[in-house]
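Only one structure is covered here, and it is reproduced in the block below.
All heavy atoms count here, side chains included; hydrogens, waters and symmetry mates do not. Computed from a predicted structure; not experimentally measured. Each ligand, and each atom within it, is numbered from 1 in the order the structure gives.
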Amino acid sequence: MITKMSHLFIGGDWCEASTGEYFDVLNPATEEVIARVPDAGSVDMRMAIDAALAVQKSWASTTAAQRSKILLSAANLMRDRAEHLAQIMTLEEGKPVLEAKGEVTYAASFLEWFAEEAKRVYGEIIPANAPDKRILIIKRPLGLALAITPWNFPAAMITRKVGPALAAGCTMIVKPSELTPLTALEIAKIFEEVGLPKGVLSVLVGKDPAPLVKVAMDDFNVRKVTFTGSTSVGKLLMKQSADTMKRISFELGGQAPFIVFDDADINSAVENAIIAKMRSMGESCVAANRIYVQRAVLEQFTSKLVSKLAEFRIGNGLEDGVQVGPLIEPAAVEKVELHVADATKKGAKVILGGSRGTNVGYFYLPTVLTNVTDSMLITQEETFGPVAAVIPFDTEEEVLERANNTHHGLAAYYFTKDIGRVFRLAEKLQFGILGANDGLPSTAQAPFGGVKESGLGREGGHHGIDEYLDVKYVSLGGISS
Ligand code: NAD
């Protein structure tokens, strides 16, 4: 199937790219071209900026109820279109269609959540420093925000930014990954259909992100950049933000430890390890990369994990019953191969999978490695693939130190029935998201984000909208008593 999406969504209109160029979108399961999309250039980015600035004031002065209504309608339309959106997502990203449908629901939940939060942007009155003064706090939208999103959650990473931005009264330009532009353009259609005023949201897709993004990064009027993607690009954008002092929120890479203590419910730990490891074929920023298992339950945990993963059906995500789809591109498969080869060279054993399993499509079989040590690449870098690296440990102190021994700090998981340990580790694990007996902590209600080199700022929860608001205070004088 080839879909030619012949337009970009700029200023509420569907236009050709100023470059006149198109680029191909591939299905990672078949390596076939599924669409050709316009390749936006700097002129298009300028047009999107101008369109947003033209409506920023009027959008900021709408009532919270008006913005809320639009977001809620978009959430509902997104749910109505779940099947259609999921098919498109599977075609361009590869995840099994059932999982893609789950992502659409998850994506819609951010629009719904922020539709509600729009109404709760409260101010404050603070006791003043003088009898004739009053101190009032108000929160105002910070203006135009640029959103740069990755391919691994092509819908949710967009709505997690568009939801709070629009709720706060900001305008937004979305630059999705060049690997998954189709889902992003479908989301633009939804906002058009629910009556979002022209210019409030633009969606630009381009083959070469650096020059396209740079136009917005250099523009003072773009007051914020919100980015989800790799730590290396995050560092580059942080430097680029400095010249115009933009507000930044960055959701970056992870290297999540998944710790199983010997008092844990092992069946539950296995089930949750599979969710934390295999969701989106392991291509998730919160994917369990290092599975630490206390020695007394090592054998039991590993054999249960292997027997469950051995039953997983791998294939084209559009086919019924497929649980593991392809990785996104050849480079992703090569990275997984590099991590497995490095581990086996240093003494790890492959007890399940360990190869591509097919010549067509960017597949890699669900894999389990044992005898893994902290000196291997797989325990140091983000693998982004379906490889479970099982590592034995002896004591709580030891595993805590090993888990924290990384520059990343996005998510960590631990399984134990000891309530004291639940609290101790919550305080001592240096990660922004902690799954205590939970392999799937992501939800619209909670503040998602990392510490250390995994990012700055939070998305979701009531915290998420603050990232799009300026806090101002009014010192009101001359009040006689
Ligand atoms: P990426 O950094 O390569 O790309 C992300 C986005 O940045 C894309 O839109 C891309 O076009 C753009 N980009 C790439 N180079 C750029 C440049 N020089 N200038 C401006 N923009 C540029 O990341 P990816 O491969 O798309 O996504 C995978 C990464 O994202 C992983 O590291 C993963 O952990 C991370 N991620 C993090 C979260 C989170 O919430 N913390 C969620 C999902 C993904």
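- At a heavy-atom cutoff of 4.0 Å, ligand 1 is contacted by the side chain of Leu236 but not by its backbone.
- Which of Met157, Glu251, Glu178, Gln255 comes nearest to atom 11 (O) of ligand 1 through a heavy atom is settled by distance: it is Glu178.
- Shown here are the side-chain hydrogen bond (donor to acceptor under 3.5 Å, both in side chains) partners of Tyr292, two or more places apart in sequence or in another chain: Arg290, Asp374.
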Query raised in the report: Given the rule in the side-chain contact (heavy atoms from CB on, under 4.5 Å) test, do Arg46 and Asp219 qualify, once you have shown the distances and angles that lead to the verdict?
Result: CA-CA 9 Å; Arg46 274 252 61 85; Asp219 193 319; 2.6 Å; yes
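- At least one heavy atom of Ser177 lies less than 4.0 angstrom from ligand 1.
- Of the heavy atoms in Glu382, only side-chain atoms (C-beta onward) come closer than 4.0 Å to ligand 1.
- A side-chain N or O of Glu192 and one of Trp14 form a donor-acceptor pair less than 3.5 Å apart.
- In the displayed structure, Lys452 atom NZ is contacted under 6.0 Å by more than 12 heavy atoms of other residues, nucleotides or ligands.
- When the heavy-atom distances from atom 42 (C) of ligand 1 to Cys285, Ser284, Pro150, Ser442 are ranked, the shortest goes to Cys285.
- Compare Phe384, Phe227, Phe153 by their heavy atoms: the one nearest to atom 28 (C) of ligand 1 is in Phe384.
- Side-chain contact annotation: Asn405 with Arg402, donor-acceptor N/O pair under 3.5 Å absent.
- Between the side chains of Ser249 and Lys224, at least one donor N or O sits under 3.5 Å from an acceptor N or O.
- When only non-hydrogen protein atoms are considered, atom 40 (O) of ligand 1 lies nearest to Arg160 NH2, 2.9 Å.
- Counting heavy atoms closer than 4.0 Å to ligand 1, residue Met217 contributes nothing at all.
- Each of the following atoms of ligand 1 lies closer than 4.0 Å to a heavy atom of Lys175: 8 (C), 9 (O), 10 (C), 11 (O).
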Query raised in the report: Could you walk me through whether Lys235 and Leu252 pass the side-chain contact (heavy atoms from CB on, under 4.5 Å) check?
Result: CA-CA 10 Å; Lys235 288 181 180 178; Leu252 308 175; 6.0 Å; no
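- Because its NZ or CZ atom is not both nearer than 6.0 Å to the ring centre of Phe227 and within 45° of the ring axis, Lys175 does not count as a cation-pi partner of that residue.
- Checked by distance only, ligand 1 and Thr149 come closer than 3.5 Å through their nitrogen or oxygen atoms.
- Sorted by first and then second residue, the side chain to side chain donor-acceptor pair (under 3.5 Å) pairs involving residues 159-173 (not counting sequence neighbours) are Gln56-Thr171, Arg160-Glu459, Lys161-Thr226, Lys161-Thr228, Lys161-Glu459.
- For Pro176, the closest heavy-atom approach to ligand 1 falls below 4.0 Å.
- Of the protein's non-hydrogen atoms, Gly229 O, 3.2 Å is the one closest to atom 35 (C) of ligand 1.
- Val336 pairs with exactly one of Val387, Leu365, Thr367, Ile378 by the side chain to side chain contact (heavy atoms under 4.5 Å, CB included) rule, that one being Val387.
- Between Ser230 and ligand 1, at least one pair of N/O atoms sits closer than 3.5 Å.
- Atom 14 (C) of ligand 1 has Pro209 CG, 3.7 Å as its closest protein atom, hydrogens excluded (heavy atom only).
- Considering backbone and side-chain N/O of Thr231, none are found under 3.5 Å from N/O of ligand 1.
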Report task. Dump the intermediate steps for salt bridge (charged side-chain N to carboxylate O under 4.0 Å, His left out) on Lys95 and Glu283, then the final yes or no. Result -> CA-CA 10 Å; Lys95 68 180 65 175; Glu283 295 173 310; over 6 Å; no
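- When only interatomic distances are considered, the shortest N/O to N/O separation between Thr228 and ligand 1 does not fall below 3.5 Å.
- If you look at Val213 next to ligand 1, the close heavy atoms, those under 4.0 Å, all belong to the side chain.
- No part of Glu459 comes within 4.0 Å of ligand 1, judged by heavy-atom distances.
- Under the 4.0 Å criterion applied to side-chain N and carboxylate O atoms, Glu116 and Arg120 are assigned as salt-bridge partners.
- Between the side chains of Tyr22 and Glu16, at least one donor-acceptor pair of N or O atoms lies under 3.5 Å.
- Remark: ligand 1 atoms within the under-4.0 Å shell around heavy atoms of Ile148 are 6 (C), 7 (O), 9 (O), 12 (C).
- At least one N or O atom of Leu252 sits closer than 3.5 Å to an N or O atom of ligand 1.
- In this structure, Arg458 does not pair ionically with Asp466, as no charged nitrogen and carboxylate oxygen lie closer than 4.0 Å.
- Contacts between Ser454 and ligand 1, counted as non-hydrogen atom pairs separated by less than 4.0 Å, are absent for every part of the residue.
- Looking at ligand 1, you won't find any N or O of Asn152 less than 3.5 Å from one of its N or O atoms.
- Near Leu410, with a cut-off below 4.0 Å to any heavy atom, the atoms of ligand 1 are 41 (N).
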